Amino acid sequence: MSSGHEQSSRFAENVTDKMPLTGDSTILVPVDVSITEPPDQVILDLLKPVNLVVLGYYPVPKQTAPAHLKEEHEAEAAERLESIVSRFVRGDHEVEDVLVFTKDRQDTIDRIAEQHDCDAVFVPGETDAIDRILVPLRGDVNLERIVSLVGELVRASDATVTLFHSVPEGADPSQGEFILRGAADRLTEEGVDRDQVDWQLSEGGSPKRKIIDLVADYDFVVLGEAEPSLRDRILGTVLTPILEEIEKPAIIVRDIE
């Protein structure tokens, strides 16, 4: 469990003359406020249709007391967080902010995601544009939540979505096709143009390796949360090596059913 001070406030909930595009999903966006880390414009645009919780975390070294570091850097960290949050604020979705001084970044992300009932967690990466999105599916695990969030993110954009699923070698591929076609249909029901959606079915080999190889041709990845454990609830032992290799921005959709 992390320690440190937290402050949370409702940052913006404005009203416009237009019907809001905001969906029901909430995404946690962790930001290191010990350094200047402004979000890229492409990320600001992508996350525009959903509610956000911006977690400003300040890393605390093991041998340092959080209270001591907070006393020295809280004002500076709060100012940086406010500046970052101001860039996310729009009239059609809610943005909350949380400031934490912590010795355990991952545990803090897990805890804040749980406390704020977030549907997904954003993982930063490098990209100049978000035109192609890869969505690996592990079957029907967390499928409804993944498809719903992807629909909210892309239905008002020109980005294309590729759904991916892998079946073991020698297995009947029809079940995989059923999952992919069903997910594609659900996306169109979510308001995504059918021409923006395609799918790929892989047979045999390592799904993890195939995802990593595929990501090179995409700008963004939406992954379902791995089997949760106490320590690895968000990333897990499967997603962590994928994220370490792809270096692309991603969203991890939590399995909280």
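All of these numbers come straight from a predicted model, not from anything done at the bench. Position 1 is the first residue of the sequence, and the numbers go up from there.
- Here Glu189 pairs with Arg186 in a salt bridge; the nearest charged N to carboxylate O distance falls below 4.0 Å.
- Here the shortest heavy-atom pairing between Ser83 and Ser86 reads O-OG, 2.5 Å.
- Side-chain contact check for Leu81 versus Val54: some heavy-atom pair is nearer than 4.5 Å.
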Could you go through the side-chain contact (heavy atoms from CB on, under 4.5 Å) check for Val53 and Val29 one step at a time? CA-CA 6 Å; Val53 176; Val29 183; over 6 Å; no

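- Within a 6.0 Å sphere centred on CD of Glu71, heavy atoms belonging to other residues, nucleotides or ligands number 12 at most.
- Residues Ser148 and Ile146 have side chains not in contact (no heavy-atom distance under 4.5 Å, counting atoms from C-beta outward).
- When all heavy atoms of Asp131 and Asp219 are compared, the closest pair comes out as N-OD2, 2.7 Å.
- A donor-acceptor pair is defined here as one N or O able to donate and one able to accept, closer than 3.5 Å; no such pair exists between the side chain of Asp40 and the backbone of Ile43.
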Before giving the answer on side-chain contact (heavy atoms from CB on, under 4.5 Å), spell out for Arg87 and Leu44 the whole-Å C-alpha distance, their side-chain angles and the decisive distance to 0.1 Å. CA-CA 8 Å; Arg87 298 193 60 189; Leu44 294 172; 3.5 Å; yes

Check against side-chain contact (heavy atoms from CB on, under 4.5 Å), Leu163 and Asp198: CA-CA 6 Å; Leu163 305 167; Asp198 64 4; over 6 Å; no

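- Here the straight-line distance linking atom CG of Asp45 with atom OG of Ser157 works out to 10.0 Å at 0.5 Å rounding.
- No donor-acceptor contact under 3.5 angstrom links the side chains of Gln106 and Asp110, judged on distance only.
- The CZ atom of Phe220 sits 5.5 Å away from the CZ atom of Phe122 when rounded to the nearest 0.5 Å.
- Hydrophobic clustering keeps Val197 apart from Phe178 (ILVMFWY residues linked when any side-chain heavy atoms are closer than 4.5 Å, directly or through intermediates).
- Rounding to the nearest 0.5 Å gives a distance of 11.0 Å between CD1 of Ile130 and CD of Gln41.
- Contact of the Val167 side chain with the Gln175 side chain is not registered, since no non-hydrogen atoms from C-beta on lie closer than 4.5 Å.
- Using a 4.5 Å cut-off on side-chain heavy atoms (C-beta onward), Asp117 and Thr26 make no contact.
- Within a 6.0 Å radius of CD in Glu72, more than 12 heavy atoms belonging to other residues, nucleotides or ligands are found.
- Look at Asp119 and Arg145 and you find a salt bridge, because one of the NZ, NE, NH1 or NH2 atoms lies within 4.0 Å of a carboxylate O, short of that distance.
- The closest side-chain heavy-atom distance from Val100 to Arg111 is below 4.5 Å.
- Of the possible donor and acceptor atoms, none in the side chain of Lys248 sits under 3.5 Å from a partner among the backbone N and O of Glu126.
- For the residue pair Glu76 / His73, a side-chain donor-acceptor distance below 3.5 Å is found, with atom types taken as modelled.
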Show the numbers, then the answer: is there a side-chain contact (heavy atoms from CB on, under 4.5 Å) between Arg132 and Asp217? CA-CA 8 Å; Arg132 305 190 68 198; Asp217 296 327; 3.9 Å; yes

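- Scanning both residues, Arg80 and Ile35, for their nearest heavy atoms gives NH1-N, 3.3 Å.
- When all heavy atoms of Ser25 and Val50 are compared, the pair lying nearest together is O-CB, 3.7 Å.
- Judged purely by distance below 3.5 Å, without hydrogens or angles, the side chains of Asp104 and Thr102 never pair a donor atom with an acceptor atom.
- Annotation: side chain of Leu223 is not in contact with side chain of Ile251 (no heavy-atom distance under 4.5 Å).
- Using modelled atom types, no side-chain atom of Lys103 and backbone atom of Val60 make a donor-acceptor pair closer than 3.5 Å.
- Between Ile109 and Pro30 the shortest heavy-atom distance is CD1-CG, 3.8 Å.
- If you take CD on Glu203 and CD on Glu169, they are separated by 9.0 Å, rounding to the nearest 0.5 Å.
- Residues Ile252 and Gly224 approach most closely at CG2-C, 4.5 Å, considering heavy atoms.
- Contact of the Phe164 side chain with the Ile211 side chain is registered, since non-hydrogen atoms from C-beta on lie closer than 4.5 Å.
- Between atom NZ of residue Lys48 and atom NE2 of residue His93 there is a gap of 9.0 Å, rounded to the nearest 0.5 Å.
- We find that Asp185 and Arg181 are not joined by a salt bridge, their nearest charged nitrogen and carboxylate oxygen being 4.0 Å or further apart.
- Inter-residue side-chain proximity for Ile133 and Val135 is flagged as met; some heavy-atom pair is nearer than 4.5 Å.
- In this structure, Glu177 contributes its side chain and Leu201 its backbone to no donor-acceptor pair below 3.5 Å.
- In this structure, the side chain of Asn142 engages the main chain of Arg254 through a donor-acceptor pair within 3.5 Å.
- Distance check: Tyr57 OH to Arg105 CZ gives 4.0 Å after rounding to the nearest 0.5 Å.
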